[in-house]
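Heads up, the thing below is written out as structure tokens.
This is a predicted model, so every value here is computed, not measured. When a ligand or atom number is given, it counts from 1 through the structure's own listing order.
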Amino acid sequence: MSTVPVNEPLLNGNEKRYLAECIDTGWISSEGPFVSRFEAQMAARAGRAFGIAVCNGSFALDAAVAALRIGPGDEVIMPAFTIISCAAAVVRAGAVPVLVDSDPLTWCMDVGQIEAKITARTRAIMVVHIYGLPVDMAAVLALAQAHGLQIIEDAAEAHGLNYQDQPCGSFGNLSTFSFYPNKHVTTGEGGMLLTDDPGLAERCRALRNLFFQPERRFVHDELGWNLRMSNLQAAVGVAQLERLDEAVLRKRRMGQRYNEAFRGLPGVQLPCQRRSYAENIYWVYGLVLDAAVPVDAADFMRQLGEQGIGTRPFFWPLHQQPVFKGMGLFRDERYPVAERLARRGCYLPSGLALTDAQMDRVVTAVRSILE
Ligand SMILES: Cc1ncc(COP(=O)(O)O)c(C=O)c1O
């Protein structure tokens, strides 16, 4: 029995043609023309002035934190329920992540909890759009303005997602994306920073490129990294971006199909379809098991695996990460929604290449466990 993969990308546009162009012209490094083309097109799509392509979405966050000169003594507010990359970027800079819990319906950060966490040391709010719905940005923008805080917008999962008709990726002083193959737009590995601020854009470019200096190349005033994206990766990205609208439509159709197939299924919370400010793009199709269901997510995933269905667990909350506990961070802190999502949530196959027949197999397997 073949396994239904949790994610398989679709690479059936101009990817091969543009890659062949790289090979034929010899442009494979980050100096090649697809990189600036991809940057300009990503920026235009979000209505931003500048795009800076990097090697992945995690390092895009490190670069954002460093570009804003966030460091020792500073605090950055973020959700407890997110990928390690968000907190890692802040901790590596010597600053402190300060956590808020999630909204039980949308699984994004509960913006009502942010204000109580603001102190004299708070420098930024790192918003993270989770699994296909955006953070309720109106409240965040108001708080950032009132308290003079920067916004780092982690839009890694939010290609083609809008908040009140404005694209995600347009809200941060710096906004970041990932192009890992499970994203609506992939480059294999890759990331991007977007901003309207020419100074920040310049700083991100320098951080990406070891702080080489224009005049005295090998003399460095600051430490950066080599975060460059190759022309090969950007070529794939340009081809992918041409089909983003189609990808969003396709994912929404998948989301609706799962929603209909699981309607009335007892014991499980399905993704929230829409809020007043947004419609879900189903980056992944998540499920959260009710307390009454006798299996937890790990057991549920194991049973699905036995039926040839690939799954992934939800994020494990930041305050319960052994690495941060070892650093003495988040001692005795509790975020009950994030803790429940981590233990009761997982996501089903939801890649762009998923077929209707594969979805039917997923539905049958899920129903066989929960009904
Ligand atoms: C919210 C979020 N931020 C950051 C990242 C990191 O991106 P990358 O895998 O490209 O490093 C991911 C990865 O999926 C993510 O989901």
Tell me whether [X] has any N or O atom under 3.5 angstrom from an N or O of ligand 1.
X	answer
L61	no
K183	yes
H129	no
E157	yes
D154	yes

For a quick test of your reading: what N or O donor-acceptor pairs under 3.5 Å do the side chains of residues 305-315 make, sequence neighbours left out?
unit_1	atom_1	unit_2	atom_2	d
E306	OE2	R302	NH1	2.8
Q307	NE2	S368	OG	3.0

Give a yes or no on whether a salt bridge exists between [X] and [Y], defined as a side-chain N under 4.0 angstrom from a carboxylate O.
X	Y	value
E39	R208	yes
D245	R45	yes
E15	R243	no
D62	R92	yes

Any idea which atoms of ligand 1 are less than 4.0 Å away from a heavy-atom of [X]?
X	answer
G57	6 (C), 7 (O), 8 (P), 10 (O), 11 (O)
V128	1 (C)
S178	7 (O), 8 (P), 9 (O), 10 (O)

### Task
Ignoring hydrogens and angles, tell me if any N or O in the side chain of K251 forms a donor-acceptor pair with the backbone of W283 under 3.5 Å.
yes
### Query
How far is atom 11 (O) of ligand 1 from its nearest protein heavy atom, and which residue and atom is that?
S58 OG, 2.6 Å
### Protein heavy-atom partner closest to atom 12 (C) of ligand 1 - residue, atom, separation in Å
I83 CD1, 3.6 Å
### Query
Which option, A158, A156, G191, owns the non-hydrogen atom nearest atom 5 (C) of ligand 1?
A156
### Proximity to ligand 1 by part of N56, non-hydrogen separation under 4.0 Å
both
### Query
So how far is it from D154 CG to H129 NE2, rounded to the nearest 0.5 Å?
8.0 Å
### Query
Any salt bridge (charged side-chain N to carboxylate O under 4.0 Å, His left out) pairs touching residues 333-354, not counting sequence neighbours?
R334-E339
